[in-house]
Amino acid sequence: MRIFDAAEQIFAAHGFDAATIRDIAALAGVQGALVHHHGGSKEALFAAVVARRAAALSGARTAALTALQAKGDVTLRGVICCFTHPFLDRVLGGDPGWLAYGRLIAYVSADDRWRAIASQHFDPTAKVFLAAFAQVLPGASQARLAAALVYMVSGMLSLCASRWRIDDLSGQGDDTGDLVQMFTDFSEAGFRRAVQG
């Protein structure tokens, strides 16, 4: 566990290319050979670090959507919140592991070489949500819904990984709750624009 925690921190801080097994081993307090033994190659370790929180996140998202659908009052905003809030609550909640994971996922989403990882761990849930978005926005094409989802994910990752930019540009630290509310408003407006085509 220490090795994967350390790898998560190092990959999040330096990205895949600049991260080294030596740095991961030093942070974990183990020999480099032990990192290789438990994690395999650097690529395999990176994939394992992404995978270890993905199932919990997907489970939380689908559980939230199932609960919303069971109530019978499914709205666009509700579907957006079911997808984004499980991630935002964890990443912005003060847990350093989840904060690092948020940064790590930002790397995965921005680099085509991690396409297989994204496809395996995030696309199945994304497709469930695309179907939910299609139900609440029946006039939107699948291409536009997919684009809106990717834009929303990009904004969500930016909020988590680049919160400092908002603080620097505004000259003050905004309340996290206000930022999440603004992000949700922004996402909802974007999805509604997808219908208008």
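With a 4.5 Å cut-off on side-chain heavy atoms, Val74 and Gln135 do not count as touching. Side-chain contact check for Leu149 versus Lys127: every heavy-atom pair is 4.5 Å or farther apart. Within the 4.5 Å cutoff, no side-chain heavy atoms of Arg90 are placed close to those of Leu99. At least one side-chain heavy atom of Asp185 sits less than 4.5 Å from a side-chain heavy atom of Arg77.
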Could you walk me through whether Ile10 and Thr20 pass side-chain contact (heavy atoms from CB on, under 4.5 Å), step by step? CA-CA 8 Å; Ile10 296 296; Thr20 68; 5.9 Å; no
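Put simply, CZ on Phe183 and SG on Cys160 are 8.0 Å apart, with the number rounded to the nearest 0.5 Å. Here CH2 of Trp164 is found 10.5 Å from CG of Asp167. Values are rounded to the nearest 0.5 Å. Rounded to the nearest 0.5 angstrom, Leu45 CG and Phe11 CZ are separated by 4.5 Å. How far OG1 of Thr84 is from CG of Leu157: 11.0 Å, rounded to the nearest 0.5 Å. Remark: Leu159 CG to Leu179 CG distance equals 6.0 Å, nearest 0.5 Å.
Using bins of under 30°, 30° to 60° and over 60° for the plane-to-plane angle, the ring pair Phe133/Phe129 lands in the tilted bin.
Taking the charged nitrogens against the carboxylate oxygens, Asp123 and Arg115 have no contact shorter than 4.0 Å, which rules out a salt bridge.
Considering only residues two or more places apart in sequence or on other chains, Asp17 meets the side-chain hydrogen bond (donor to acceptor under 3.5 Å, both in side chains) condition with Arg113.
Phe122 and Tyr107 are not part of a single hydrophobic cluster, where members link through side-chain heavy atoms under 4.5 Å apart. By the rule that hydrophobic residues join a cluster once side-chain heavy atoms approach within less than 4.5 Å of another member, Tyr151 and Phe191 end up as members of separate clusters. Both Leu130 and Met152 are part of a single hydrophobic cluster, where members link through side-chain heavy atoms under 4.5 Å apart.
For Arg22, the CZ atom sits in a loose shell: 12 or fewer heavy atoms of surrounding residues, nucleotides or ligands are nearer than 6.0 Å.
Note: Phe16 and Trp114 meet the aromatic proximity criterion, with ring centroids under 6.0 Å apart.
Of the listed residues (Ile80, Val79, Thr75), just one forms a side chain to side chain contact (heavy atoms under 4.5 Å, CB included) with Glu188, and that residue is Ile80.
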